[in-house]
Every structure is written in structure tokens, then in C-alpha cells.
Amino acid sequence: MELTSLTIHELSERLSRKEVSAVEVTKAFLGRIGEVDGKTRAYITVTAEAALEAAERADGMLARKDDVTPMTGIPVSVKDIFCTRGIRTTCASKILGNFIPPYDSTVVKKLKGSGAVLLGKTNMDEFAMGSSTENSAFFKTLNPWAPDRVPGGSSGGSAAAMAASECAASVGTDTGGSIRQPAACCGVVGLKPTYGRVSRFGMVAFASSLDQAGPFTRDVTDAAIMLKVMAGHDPLDSTSVNMEVPDYRSFLAAGCKGLKVGIPKEYFIEGMDPDVEKAVRDALDVLKGAGAELVPVSLPHTEYAVAVYYLVATAEASSNLARYDGVKYGLRVNEAGNLLDMYKKTRDSGFGGEVKRRIMLGTYSLSAGYYEAYYKKASQVRTLVRDDFSAAFKTCDVIATPTAPTAAFRLGEKIEDPLTMYLSDIFTISCNLAGIPGISVPCGLILGWKVDEGTVLRTAYAYEQATEWHKRRPAI
Amino acid sequence: MKFEAVIGLEVHAQLLTDSKLFCSCSTKFGAEPNTQVCPICLGMPGVLPVLNRRAVEYAVKMAIAVDCTVNPKSVFARKNYFYPDLPKGYQISQYTEPLAERGRLDIDIEGGRKKIGITRIHMEEDAGKLLHGEGPEDSGYSFVDLNRTGVPLIEIVSEPDMRTSEEAQAYLKALRDIIVYLGISNGNMEEGSFRCDANVSVRLAGERKLGTKAELKNINSFKFVRDAIDYEIQRQTDLIESGGKVVQETRLFDSSKGVTISMRSKEEAHDYRYFPEPDLLPLVIEAGMVEALGAALPELPRAKRERFVAGYGIPAYDAGVLTSTRELADYYEEAVKRTDDPKATSNWIMGELLRLLKEDNRDVRDCPVTPENLAGLITIVKKGEISGKMGKEVFEEMYGTGKTPEEIVKAKGLVQISDEAELSGIIDGIINANPESVERYRAGKTQLMGFFVGETMKATKGRANPKLVNKLLKERLG
């Protein structure tokens, strides 16, 4: 088997047995990127030189058996939303097209600290706003399984890079499904941890109360390995969870025998793509076969989740994106030589259509006279959505749902119709509103209660053991 | 028609923390532009605020000092607006759930005391500064200095309880004194670390409904508070009397002309789109913290003033001067416990000490005369070892050299002649040498006593104990 097709734990074993060096592994991935990225367009920036240097350092660590972790020498990519010191960080936006941060995001710092090798920065929807990666200001990323289809979004570059074996793992962000939906579209594992489990420091903000970083991996074991490295309290992020990080791999072997899997009736709706419904029903049968007990649960406020999300997320975004004003860094368009004109022209030419649409929506919902009816009401309903989950988890251990209402759609299919595009997130959004963890595996989504990533991973692992999906690779 | 003004103040005070409210950058005043900045206060992508604990403690101290209720939970909010001195495009402040509410501050007015209600105290970060180019090469350009960005502020909002500019000024001074006493801000209006906006409206006397208010900005001295408010009261009164209507607006005080100028109307007012800051958790203040900070609070100006009057028996005026700063009050108390003469000690400090400090523009903390030495001098004068006049000379020397009064008195041979035998000899000599004057004195020209005293002082180079001289002369001249 090609090195580039291996999982983290397989590569890690070979590295520690000295069957292969980190430099060789990194070169294999760089070679693979050179070979296929012209087709997938998963990467915005490839940092080959820095990657080889990091690989050499990793080989040193492996040779000395010095601070070796399961990630030492493992080549990873990160979504171009994570600030990387000295490396351009664009958020797939023209407004940050020339921005080189003088600091690392905490996630990148932790990955580097674990000995992982950063291969580069992946494409995404501009400022993580979108479900297809078509909103990148630079280029579109294709789905490695079917080049006429989108890889999902907003972390589509990461998902595509995984599916095309252009990295061993990737890190994305999930504000309303941006890890889980592209993971589903590209047939890989995508984990959104509990809100605050992974530090947001240095991760360009879209909607601060919803944003959460998480891994893309080939299998559930790798997701457990990555989460262990990424998670933890960060003094630089006041909203990060201050709790011990367990060894997530230790949860996996327990199996799902006797676990109660909640099936929310609101998620199996009329008009659902019959293929998707069948696939998910089959997956539930697999869980049942592995010993899980399926129990019906109800999440009655599900129908409001999309509306709540697009009020809360856009409101926060309108404020978070105010800093891109041409004054301090990034793009500046200053033709007329006066302040107002600079603001207008910089933001007009720096932001893409979807970003502008959301800034306007959010500005509106926070405006005097509308705040009560929109932002405030949405925040109140958000509490109800959270309460739904709190009640449901009293009767079950995890909840299983589809990840997306359809399989990966065709490029251009929804881009002209924002509302339909917004509905791609219908099954993933509630989880962000409630702040709970969720993992997308081929094929379905498993949600758990706050900071209970252990049970989520354990269920997903039991499912994975009974299927072969995770072993399949696209022919590209 | 008789009009009454209604005035409320919004006061911003910079807190004297070493680092900024949400990052570890220094808050020191006067550094080169943009040298005290980091990715966080520059509002770079992806950075997050972390609250400065010390700033919270300072704000809570202020809340306790003005009898506010400290909310167990308060919430930071974003105030959104675009301006180049605001790197994030929003200011982190507090809005619907402030740190503290419902306090009071008493001010002294003619004929007694008046309670001014305090609506709320909240915490927020300061913005940076814009400098506008004036030279031939940079005119038309503006420069941004972000050193001040993120410096912690508290905003103290009063109830509209003041009726005159004098009351507003008294309130502002009382507030400043407390802040400085607490050591949480330097209260410097010129440097902008203590700033004041005034809401002013007028109404017919006896009317209960409030008139339309104007918000006055750019008031940066205690004098300007009165000037700006007086001008505004007159402007609004004239307007109404001439049949006009006051419009709600923000007005800028122009101190060079002494007038207020319209800056923006209500319609042009910003919509700040406040919403809860999602990057910070609600600020939870445990009752224990409020208790501990309250217990450690220093004695506040009013309490100290009242104690000085009651405890030392000095006039209220003296107490007011002596308690104008905590340091001066401490100085007085250190000295007075050694002199056991509160009024004399007060006189020396208010007279000689403050005069010399003022001439040198020096703080009492840097005064070369220690309270112990001042007490020593007062004691020597009181005992009559040297005269009061000599005492002043000695004091100047103490101030100039830092020496003890004993050293100076000894070195200069200034010790007063209080020995009766020695003085008697000298006085006898003078009487013998001036028989004519003695005659005239005895004939009723008693004003000549001054001449004899003067002669005695001349003969002793001013060292004769004046009381004794008087006594001996009277005995001899009959």
C-alpha cells in the first residue's frame, strides 16, 4: 500500500519501527500533492521546504526517542483559517490575500509541538462561509471521488486533500457543519468537538460562539489521536474548556454493546434523498447489529435551527469581520484618499458576494429596532435547541442522524441559490447551536453530550469495525 | 420665566494597571507611537481577549467606594463602529448588564450636603489616537497610534441629579478625589486619563418632565466643566425663551471660544449594534471578592475630612486642604502625632510646606522635610527656643538641605535667648543708653515699647525670646 494511503496509526508504527523515515513520508505526500493537486486544487499554499525541515527534526526526535508522540513525523494540512507564523493565511479571501501572521494559532502550535509536519494550507469557502468551497476567492476545489461534484464546505480543501491522499490528516473548522458535511461529501471521518474543547486562538473568527476546530482523518482511531493533540484549555482563549483531556483511544475498544443510540424523528423527514435515507438506515442497522439499542428521541425545535443559526452566525460575523478595514493589514484600496472611500472600496473589492451577504444580514439583525425580533429572539430559541439535546441525552448515550440531506452535489448546482445552499447544513447546525460534539463517518453523524467525545468516538469506532467504507480510496 | 437645569455626568477614568484590559501590553503613557502593541490589541485575525484581573479589582473598589451594588454576574458586550483608532471595529464594553449599579456620592454644597445618585459603573477598553498631519509633506494624512488601544477604563454614569454647574464640578472633583485616593487612576484630565461628558437639559422650575438634553463632549478640565455647562444652560434657556426648541444632539465644547458647537444630531447618532461579546465568559464576581476588597479599602476623602475635624479639632477648611490627597493627609497625621498641636501643625503645612512645594511643583511624597523633622521644628518653636520668624528661616533651610531643625539651629547659633539673667543684662544696657526715651515712655508715650523691643532684638541678633523681652522691659520701664 502507498504510504500516502495509510492512517496516522499505521504511519506512526512504521516510523517508530524505522521502516520509513519522516522525510520519506513527507516526500511521498509532497510528491502526491505535486501529482494530483492540479486536479483537486485542495491546497492554497504548500510549504514544501518548511515541511522537509520539520520532517528532519521529527526524524531526529524519533532517533533519540525524544518527546515522540503518535503524531511525530505525520504530515498534516490545516485549513487556511488557522494563523501560521510567517506563512500566508488568507481565509480564502482577497482581503487577507497578503496577510502573513506574526503568530501561530494554538492548534498549529500544538500540532508542531507534537512533532507533526505541516504540509500546507487548504482551500475553503471565504471566511468559512459556504457549504461547497465554491466561495473561495481563489479557485474551486473538486471532489476527488467525482470531479464534477463539490467537496462540500467550508473545509472542502481539507476533506478533498484527505480523500485524494494529499495529507495523512487535516484540521478544519466547523461553525454549522463545515467539518462534518465535507467529510461526508468526501467519504472521510470528520470530528467537531465540544465547543471550547479546542482553543480558538489564532483561528480566524467567523461566528465566535459556534466556531470549533476539529480533525479530518481516515478512520476513527486517527480522530482520537488528533483530538488528543488538539484539545485542552488555553489561557489565551477564555471560552476554552478547562478540563483534563483524556486519552481518547482508550474509549474505542469498549464497543457499543448496550449503548442507547437516540434516533430523532425530526431528522428523518419527508423529501429526504431516498439514497441518503437508505444509507443511514443501513448504518443504524449496523450499530444495532453491534449491540446498540436504538431508541426514539425528539428534538422538537429542530425546524428553527437553520433560521436561528443564520441570525446568530451572521450577527457575530458582521462584527468579527469589521476589522478588515484597510487600516492595519491586508488589502487596502485607497483611491480617493479619504477614509470613508477607503473603507468602502477596500471592503467592496476585498470580500466576496456570500461574505457581503452575511455581513449585511448580521448587521441588520443587530440593528436598533430589529435586535429584539432577530438576534435576541434567535438567542432565546438557541437555548431551546440546547435544552432539546439536554433532555434527549437523559434517555440516550449518543444520537445518530444523517450528516447532510443529499450526497455531494454538482459544482454550480446551488451556488446561485443561497437558501438551498443554507439547507445543506440542516442536520449539522443544531450541534453547533448546542455546543455538543459530533462525528461524521461514512455514512452518518453521531452526536454526543458536551465533552463526551469519548462515547461519540467509541460508537463511531464500533460502526467502523463493522464496515469497510473507511478503507476505500477514490481513483484519481 | 425661571428655568432649572438638569445635569448628569458620564465620567471615564483610565485604570492604573500595568497591562492592558485584554492583553499584556504596557499601559505606560507617552511612549513612541505603536510601540506598546501586540496582535491582540491590534485586532489581528483570530486573536482573543483575556480579561485583566487587576482591572476588575480596581473597578470593584470604585463600585464599593460609591456604594454601588456589584452585580454577581456582568456581561461584556461589543459596541460596533468603524474608526481607524478602533482596530477590531468594535469596542469591548458592558451594556445591559454592567459591573455595578445604584450607588451614590455626596457632595458639599452651600448650606449642606447633596446626594448624587450613580446609575452604573461599567468596564471597557480605550481606543487609540489619531494624529493629523500638519507639515508640508503629511498634511491631509492622519496617523494612527494604537498604544492606548485596550487600556482599561471605567465609565461612571450619574443620575441627572445636579442642578448647577457648581454641583457638577463638585461631583466631578469628589469623584476624582475618590479615584485618586483608591490609587486606581491618576485622575489626570489633561493627559486624558480622566474624562467627562455632560448631559444637560433645562426645564421650567417646578416642571417634573425632563427637557430635551444635549450631550457635551471634550470637557478636559474642572474649569471647563463649569464653563461648558453654564454656556449650554444659557444657550438652551435663550433658545426656549425666544420660542425655539432644543434638539437632542451631541455638542463639542470649544474651550478657546468658551462655546459648545453641534457635532451630530440624534438622527446622525451611531447605531452601535451592541450584542454580548462571545469571546468572553460572563464576569462572575464572588461575594468574597467584594468583601475582601471592601475590607481593604482605604479611608475615603469625606470620612477622613470629617475625622480630622472631629478628632483634631481643626477647622473644616484646614481638614479640606489637608485631605486633598492621601499623601498629604498621611503627612499631617505623621507630624501631628509628634507635636500634639493639631492647629499649629496644620498652619505649618498649609502655609510654609505647601507654599514651597507649589513653588517647586513638587509632590508631598518628594518633600525634603520629613514629618518627623517638621514636628521637631514645631516643638522647638512652641517651647520658645526659637521665635516663629526664625522658625520660618529654619524651615526654608530644612527644605533646602533636608537637615534636621536641631542641626540647623545649632549650626547657626540660632537658639533663642530665654535666659532671664542674660537678657536682663542686655536690657539694662539699652535702658541706660536711652534715658530720653525712657523718660518719654514713662510720661505716657507707651508706643515706644516697640523701639525698646527692636533695640533688644538688634542687640541679640533677633535671638531674644520675644515674650521674655516684653516681660522684662515692662518690669523695668514700669
Side-chain angles (χ1 to χ4, degrees), chain A residues 81-83 89 91 95-96 99 101-103 105-106 127 196 199-205 207-211 234-240 312 315-316 318-330 337-340 342-343 347 362-371 375-376 379, chain B residues 22-24 34 37-53 75-92 95-96 128 130 132 139-144 146 149 266-267 269-284:
Chain A
I81 199 169
F82 291 97
C83 286
T89 299
C91 236
I95 213 154
L96 285 175
F99 178 63
Y103 49 95
S105 52
T106 298
F127 284 103
S199 167
R200 288 186 294 121
F201 185 84
M203 191 174 108
V204 181
S208 311
S209 74
L210 300 159
D211 294 343
D234 182 1
L236 296 177
D237 177 0
S238 309
T239 63
S240 66
V312 171
E316 291 180 8
S318 73
S319 175
N320 282 332
L321 271 61
R323 66 189 62 197
Y324 309 111
D325 58 5
V327 174
K328 307 157 299 271
Y329 49 78
N338 74 68
L339 180 66
L340 192 62
M342 182 185 89
Y343 278 161
R347 290 170 68 82
T363 304
Y364 186 82
S365 78
L366 287 176
S367 296
Y370 300 102
Y371 180 87
Y375 181 82
K376 195 170 175 199
S379 302
Chain B
F22 298 118
C23 65
S24 56
N34 300 312
V37 293
C38 72
I40 295 171
C41 56
L42 289 175
M44 287 195 150
V47 299
L48 299 167
V50 177
L51 184 59
N52 181 336
R53 187 187 171 87
V75 173
F76 285 97
R78 292 188 185 176
K79 178 179 181 178
N80 295 285
Y81 64 96
F82 283 93
Y83 205 61
D85 67 4
L86 191 70
K88 299 190 294 295
Y90 55 85
Q91 177 195 30
I92 303 178
Y95 190 51
T96 52
L130 287 195
H132 302 289
S139 83
Y141 285 87
S142 293
F143 298 87
V144 188
L146 298 176
T149 306
K266 190 185 169 190
E267 287 70 32
H270 296 296
D271 177 359
Y272 290 120
R273 290 172 280 121
Y274 280 100
F275 73 104
E277 164 59 286
D279 287 336
L280 290 166
L281 301 174
L283 174 58
V284 174

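Numbers restart at 1 for each chain; the letters A, B, ... are given by sequence-line order, proteins then strands.
Looking at Tyr90(B), the atoms closer than 4.5 Å to chain A (heavy atoms on both sides) all sit in the side chain, from C-beta outward. Proximity to chain B is absent for every atom of Phe82(A), based on heavy atoms less than 4.5 angstrom apart. Contacts between Asn320(A) and chain B at a heavy-atom distance below 4.5 Å involve backbone atoms as well as side-chain atoms. Using a 4.5 Å cut-off between heavy atoms, Leu210(A) does not touch chain B at all. Proximity to chain A (any heavy atom under 4.5 Å) is shown, for Tyr81(B), by neither the backbone nor the side chain. Interface remark: Pro101(A) contributes no atoms to any contact with chain B (heavy atom separation under 4.5 Å). Using a 4.5 Å cut-off between heavy atoms, Ser105(A) makes no contact with chain B at all.
By the 4.5 Å heavy-atom criterion applied to side chains, Thr89(A) and Pro45(B) are not counted as neighbours. Contact of the Tyr103(A) side chain with the Val47(B) side chain is registered, since non-hydrogen atoms from C-beta on lie closer than 4.5 Å.
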Next item on the list: Go through Ser208(A) and Arg78(B) one step at a time and tell me if the side-chain contact (heavy atoms from CB on, under 4.5 Å) criterion holds.
Entry: CA-CA 12 Å; Ser208(A) 311; Arg78(B) 292 188 185 176; 3.7 Å; yes

Note to self: Lys328(A) vs Val144(B), test: side-chain contact (heavy atoms from CB on, under 4.5 Å). Steps then yes/no.
What the structure shows: CA-CA 9 Å; Lys328(A) 307 157 299 271; Val144(B) 188; over 6 Å; no

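Remark: side-chain polar atoms of Arg323(A) are paired, donor with acceptor, to backbone N or O of Met44(B) under 3.5 angstrom. Not one N or O on the side chain of Asp271(B) forms a donor-acceptor pair closer than 3.5 Å with the backbone of Ser367(A).
Between chain B and the options Pro235(A), Ser238(A), Cys83(A), heavy-atom pairs under 4.5 Å are most frequent for Ser238(A). No other option in Leu340(A), Thr363(A), Ile81(A), Thr106(A) has as many heavy-atom pairs under 4.5 Å with chain B as Thr363(A). Between chain A and the residues Pro49(B), Gly46(B), Gly140(B), Pro84(B), the most heavy-atom pairs under 4.5 angstrom are made by Gly46(B).
No more than 12 heavy atoms of other residues, nucleotides or ligands lie within 6.0 Å of OH in Tyr95(B), so this atom counts as exposed by the packing criterion. When the shell of 6.0 Å around OH of Tyr370(A) is examined, it contains 12 or fewer heavy atoms from other residues, nucleotides or ligands.
Between the OG atom of Ser365(A) and the CZ atom of Arg273(B) there is a distance of 10.0 Å, given to the nearest 0.5 Å.
Applying the side-chain contact (heavy atoms from CB on, under 4.5 Å) test to Pro276(B) and every residue at least two apart in sequence or in another chain returns Tyr371(A), Tyr375(A), Val75(B). Leu236(A) is linked by a side-chain contact (heavy atoms from CB on, under 4.5 Å) to Phe201(A), Asp234(A), counting only residues two or more places apart in sequence or in another chain.
In this structure, Arg200(A) and Pro278(B) approach most closely via the heavy-atom pair NH2-O, 4.0 Å. The minimum heavy-atom distance linking Ala315(A) with Phe275(B) is given by the pair O-CZ, 4.3 Å.
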